[in-house]
Number of protein chains: 2
Amino acid sequence: MTVTIYDVAREANVSMATVSRVVNGNQNVKPATRQKVLAVIERLDYRPNAVARGLASKKTKTVGVIIPDISNVFYAELVRGIEDIATMYRYNIILTNSDQQPMKEAQLLSTLLSKQVDGVVLMSDQLSEELREEMKRSSIPIVLAGTLDQTSDTPSVNIEYHEAAVEAVERLIRNGHTRIAYVTGSLKSSINRLHKLTGYEKALDAANIEIDSDLVVEVNNTYEEGIRAFEQLQSLKQPPTAYFAGNDEIAIGILQGAKDADLDVPGDIEIISFEDSKLTRMVRPQLTSIAMPLYDIGAVSMRLLTKFMNNEKVEDNSVILPYRLEERQSVKQ
Amino acid sequence: MTVTIYDVAREANVSMATVSRVVNGNQNVKPATRQKVLAVIERLDYRPNAVARGLASKKTKTVGVIIPDISNVFYAELVRGIEDIATMYRYNIILTNSDQQPMKEAQLLSTLLSKQVDGVVLMSDQLSEELREEMKRSSIPIVLAGTLDQTSDTPSVNIEYHEAAVEAVERLIRNGHTRIAYVTGSLKSSINRLHKLTGYEKALDAANIEIDSDLVVEVNNTYEEGIRAFEQLQSLKQPPTAYFAGNDEIAIGILQGAKDADLDVPGDIEIISFEDSKLTRMVRPQLTSIAMPLYDIGAVSMRLLTKFMNNEKVEDNSVILPYRLEERQSVKQ
DNA sequence: ATGAAAGCGCTAACAT
DNA sequence: ATGTTAGCGCTTTCAT
């Protein structure tokens, strides 16, 4: 039925080993025999069985990717970066969505390991105990993309969230604001809590602005929750005049919430986002945003993973990519 | 080093076959032995090697997914539908991006086949000859998601694009428009050419409105090209007063192009999109749109694929999902 | 209910 | 440069 390496060997009057050699580009084959074998492969339309190859070589040329949700632009761009580099190095990716559920994350990793992936790229707001447990058992390399883990030196690719947050809030302060809200994703995430929130506070502190906990609102990373947060904050006795948003969807929620309340952006309200997906350019006014290089974080993570999979020397486990503040129209010049 | 089924068998004083049976939930095992084996599995932290299993059983429990570009919201939502149902049936997905390049599509399918996936979900504007060739060689089921192929009866999941296009354009005509533009993705795509374009023309025809080829603009499915198309069309002697857009990004490009030109939507310009991703709600005015059930198309495609993989009877190869016209603010009531 | 044994299709020593 | 052979870790008859 299906053509195997054995069939090719027989038809070409060589051994399986020789066929294997030409298929794998081994140089120890006389050009003449190589041609002969190639001809038979062509004639029989032979295709190596990657599963058999994986079993014999203990390498599957596939890597696992665990992300919260592919339908979120943020992760989608990241995955594209991963996939492009994976392709470049002849890997395929098994994509899984965790919805940030600790149980599910651990289970997904377990499944990926049983499928013998050569490595894993992982994204998660917070590494749960279950997940860490599972990671420890794994003998293959794992790279964290846009994910921080204080408790270990798991390789990771990130930006300097803290500095970026400081810069964003300082920008708002520079425009004279003293009531600056921070609408953030889950504070269980160490990035949000230990890096961005502290950056927000540091900038306020440095400007002698009192920190008001009412101005920090924790929401899910969605457009709808951005609107909700805006409405909640505007109902304060002293509502904020500027917003620092945890991501683009939240920022757009705030923006449209303001518009729907007949407030002008950036006239009455100024907004800085933190992500800079293409969504920032698709709304009016276009959003000023901290630009996270999503595609690059994915790409670099995958590149880093290939190094580990090849047992190459890696100078630094934790790579930091540059960010920048992308000035657009939701903040006055 | 790694624990194998043989180690478990030895420790539990049973044969590999018995271990295999309990792992696979075969009922022909005495409860007592089952317990004994389970205990050893737990103790040794044994995990079945899916690659070995795949080689022996000729089933890998993984399916391939070929889409143009995961960073496009459209495909991302679709993939989420696929993945959710795949998980439900205990499949994993290998995700690949084709960028609609015929060569690459064929190559990706080939790679997936060599990896012995049990099935494939495929999305593509146009099935090229190369790709069709590769599909013919494949002995595993393939389902087309949001993709039409006139020349074969490959299973597929779609909506009635033609009827949807007619309805959208009729809606615009009802508001008194006679200069209605159609800004579409590639007309090489049979959906765009044979279904949506003909729907557009049919609606105009039925209303005795002359068809002006200047009003049909072919672009890439991006926001930027939407803006470009708008500018091009507005420079006509008789510019259109209403737009039918091929997808949400194009529609948003038109919308913001209009705003940037100080035109009011829907006052001066009315727009209907064709996709209804969450982007429609994230802009002002919110976009009226033909709602394509993206997630469902993915989910149903995957469900259909499982049926084929299980050799279940399938009543109809081509399933049609309902669409609807989602009325929002880019069209006057 | 359980075991023995033959593959699945390939790679990787090792030998020549 | 080429061939021989022993696995890789599992499933699946076929016996018992």
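Any value given below was found using the heavy atoms of this structure, including those in side chains, with hydrogens, waters and symmetry copies removed. Each chain gets a letter, A, B and so on, in the order its sequence line appears, and its residues count up from 1.
The side chain of B:Lys58 approaches C:dC8 more closely than any other nucleotide in the set C:dA4, D:dG9, C:dC8. Closest to the B:Ser57 side chain, of the nucleotides C:dT11, C:dA4, D:dT11, is D:dT11. Residue A:Ala52 places its side chain closer to C:dG9 than to any other of C:dG9, C:dC8, D:dT12. Among the nucleotides D:dT2, D:dC10, D:dG9, the one closest to the side chain of B:Met16 is D:dC10.
Put simply, B:Tyr46 has a side-chain N or O that comes within less than 4.0 Å of OP1 or OP2 on D:dC10. Contact annotation: A:Thr4 does not reach the phosphate of C:dC8 (side-chain N/O to OP1 or OP2, under 4.0 Å). Considering only side-chain N and O atoms, B:Thr18 lies under 4.0 angstrom from the phosphate OP1 or OP2 of C:dG3. An OP1 or OP2 oxygen of C:dT11 is reached within less than 4.0 angstrom by a side-chain nitrogen or oxygen of A:Asn24. Residue A:Asn28 places at least one side-chain N or O under 4.0 Å from the OP1 or OP2 atom of D:dA1.
Comparing B:Thr33 and A:Val23 by the nucleotide of DNA chain C whose heavy atom lies nearest to each, the residue mapping closer to the 5' end is B:Thr33. Taking for each of B:Gly54 and A:Ser15 the nucleotide of DNA chain D with the nearest heavy atom, the 5'-most of the two is the partner of A:Ser15. Between B:Arg34 and B:Ala56, the residue anchored nearer the 5' end of DNA chain C, judged by the nucleotide with its closest heavy atom, is B:Arg34.
When the P atom of D:dC10 is taken as reference, atom CZ of B:Arg47 falls 13 Å away, rounded to whole Å. Computed from coordinates, the B:Tyr6 OH to D:dG7 P distance equals 12 Å when rounded to whole Å. Separating the CD1 atom of B:Ile5 from the P atom of C:dA5 is a distance of 17 Å, rounded to the nearest angstrom. Rounded to whole angstrom, the span from the CG atom of A:Leu55 across to the P atom of C:dA12 amounts to 12 Å. Between the C1' atom of C:dG3 and the NZ atom of B:Lys30 lies a distance of 14 Å, rounded to the nearest Å. One interatomic measurement links the two molecules: CG of B:Asn13 to P of C:dT2, which rounds to 13 Å at whole-angstrom precision. Put simply, CD on A:Gln116 is 19 Å from P on C:dC10, counting in whole angstrom units. One atom, NZ of B:Lys36, and another, P of C:dT2, lie 8 Å apart when rounded to the nearest Å.
For A:Glu42, the CD atom is loosely surrounded, since the number of other residues' heavy atoms within 6.0 Å does not exceed 12.
Under the 3.5 Å distance criterion, with hydrogens and angles disregarded, a donor-acceptor pair is assigned to the side chains of A:Asn24 and A:Arg53.
With B:Thr60 contributing its side chain and B:Gln116 its backbone, the two residues share a donor-acceptor pair below 3.5 Å.
Across all strands, B:Ser20 comes closer than 4.0 Å to base atoms (heavy-atom distances). Using a 4.0 Å heavy-atom criterion, one finds that A:Val14 contacts the sugar-phosphate atoms exclusively. Across all strands shown, B:Asn26 has no heavy atoms under 4.0 Å from either base or sugar-phosphate atoms.
Listed here is the closest heavy atom pair of B:Asn158 and B:Leu148: ND2-CD1, 3.0 Å.
The base of C:dG3 sits with one of its N or O atoms less than 3.5 Å from a complementary donor or acceptor on the side chain of B:Arg21.
Salt-bridge annotation for A:Glu129 and A:Arg132: present, with a side-chain N of the basic residue lying under 4.0 Å from a carboxylate O of the acidic one. At a threshold of 4.0 Å, the pair B:Asp125-B:Lys188 does not count as salt-bridged, since none of the basic side-chain nitrogens sits closer than that to a carboxylate oxygen.
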